[in-house]
Amino acid sequence: MKKFGKVLTLMMTVAMVLSGCGGTSNSNDKKVDSESGLPTKVVVGTNAEFPPFEYVDDNGQPDGFDIALIQEIGNRAGFEVEIKNMDFDALLMSMSTGGIDMVIAGMTADEERKKQVDFSDGYFQSGQVMIVKKDNNEIKTFDDLSSKKVAVQQGTTGDLSVTEGDEKCVVDGVEVKRMNKGADAVVDLINGGVEAVVIDALPAEQFVNAHPDDIKVVVDEAVVEEYAIAMPKGQETLKEAVNKALAEVKEDGTLDKLAEQYDAK
Ligand code: GLN
């Protein structure tokens with residue numbers, strides 16, 4: 001009997017672990033502050049491959065404008081922030097399974113994503129641009145990418161803007177090469193694997209600044225976007241707290257200061 005009891009306890013423990021009870025940083029077992037109704041800790045997913053918004057610093061830690069912004073929002077709203085770095089196209093999936101609670105990743109608040117997640121108010125206006133070889137005078141607009149080989153970061157709005165059939169597509173007939181990192185797309189361009197890279201404006205500027213003799217940015221205002229913080233649908237208390245803190249940092253000049261500090265202008 002005693003032995004059977006032990007086996008039963010063990011089986012229950014295994015079942016609890018498998019079902020996610022007793023996990024560590026999982027949204028199922030969040031500690032909630034009884035006064036504010038907010039979680040005491042929020043696990044925020046990012047993809048630290050997108051300077052100046054997020055990158056890995058010299059100490060191997062995620063840093064950047066977005067990271068500083070979410071820390072500031074956490075401080076003001078009263079929750080601790082833990083950053084989790086992962087592939088960009090894994091972020092929303094990870095949030096849907098409770099691996100992370102929020103996403104800040106220079107993520108465009110686009111209509112397709114809004115079907116899956118809620119977004120905070122916007123915090124940064126951006127857009128898609130092209131990067132080409134310095135001596136390329138042929139590619140001046142998105143239309144010029146038709147029938148060309150173009151590299152993008154997989155799962156981004158840059159990817160969608162050249163993917164035929166997608167709502168966001170602005171040019172047909174592009175041969176799209178999807179890479180895990182924007183930086184890899186740029187290396188491929190420099191090595192002659194593709195004729196252009198489509199990527200967000202500020203990361204494009206930073207990549208070009210790192211290789212000024214080889215590549216340049218080409219701007220076509222066709223794709224304008226706004227970055228926002230993604231959260232699971234229906235978490236109104238959390239969303240309100242994030243929006244309130246965001247409104248404060250915009251109002252009191254903190255957001256501008258961070259933009260200055262991280263060269264995100
Ligand atoms: N703004 C783009 C998007 O949301 C790219 C973001 C990124 O690569 N971090 O898809």
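Counting convention: from 1, in listed order, for ligands and their atoms alike.
Ring centroids of Phe124 and Phe53 are separated by less than 6.0 Å, placing the two rings close together.
Counting heavy atoms under 4.0 Å from ligand 1, residue Glu49 does not touch it at all. Using a 4.0 Å cut-off between heavy atoms, Arg113 contacts ligand 1 through its side chain alone, with no backbone atom that close.
Environment of NZ in Lys257: sparse, with no more than 12 heavy atoms of neighbouring residues, nucleotides or ligands closer than 6.0 Å. Counting heavy-atom neighbours within 6.0 Å of Glu260 CD, excluding the residue itself, gives a total of 12 or less. In the displayed structure, Lys244 atom NZ is contacted under 6.0 Å by at most 12 heavy atoms of other residues, nucleotides or ligands. Within a 6.0 Å sphere centred on CE of Met93, other residues, nucleotides and ligands contribute 12 heavy atoms or fewer.
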Can you give the donor-acceptor pairs under 3.5 Å from side chains of residues 167-177 to other protein atoms, not counting sequence neighbours?
| unit_1 | atom_1 | unit_2 | atom_2 | d |
| --- | --- | --- | --- | --- |
| Lys177 | NZ | Asp188 | OD2 | 2.8 |

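Taking the side chain as every heavy atom from C-beta outward, Asp144 and Val218 never approach each other to under 4.5 Å.
Residue Thr156 has at least one heavy-atom neighbour below 4.0 Å for each of these atoms of ligand 1: 5 (C), 8 (O), 10 (O). Each of the atoms 1 (N) of ligand 1 lies under 4.0 Å from some heavy atom of Tyr227.
Using a 4.0 angstrom heavy-atom cutoff, Asp200 counts as in contact with ligand 1. Remark: distances from the non-hydrogen atoms of Phe53 to ligand 1 are all 4.0 Å or more.
Taking all heavy atoms of Asp159, Thr108, Thr46, Asp66 into account, the minimum distance to atom 4 (O) of ligand 1 is reached by Thr108. Looking at Ala105, Ala48, Gly106, Gly127, it is Ala105 that brings a heavy atom closest to atom 9 (N) of ligand 1.
For atom 3 (C) of ligand 1, the closest non-hydrogen atom of the protein is Thr157 OG1, 3.3 Å.
Considering backbone and side-chain N/O atoms, Gln153 comes within less than 3.5 Å of an N/O atom of ligand 1.
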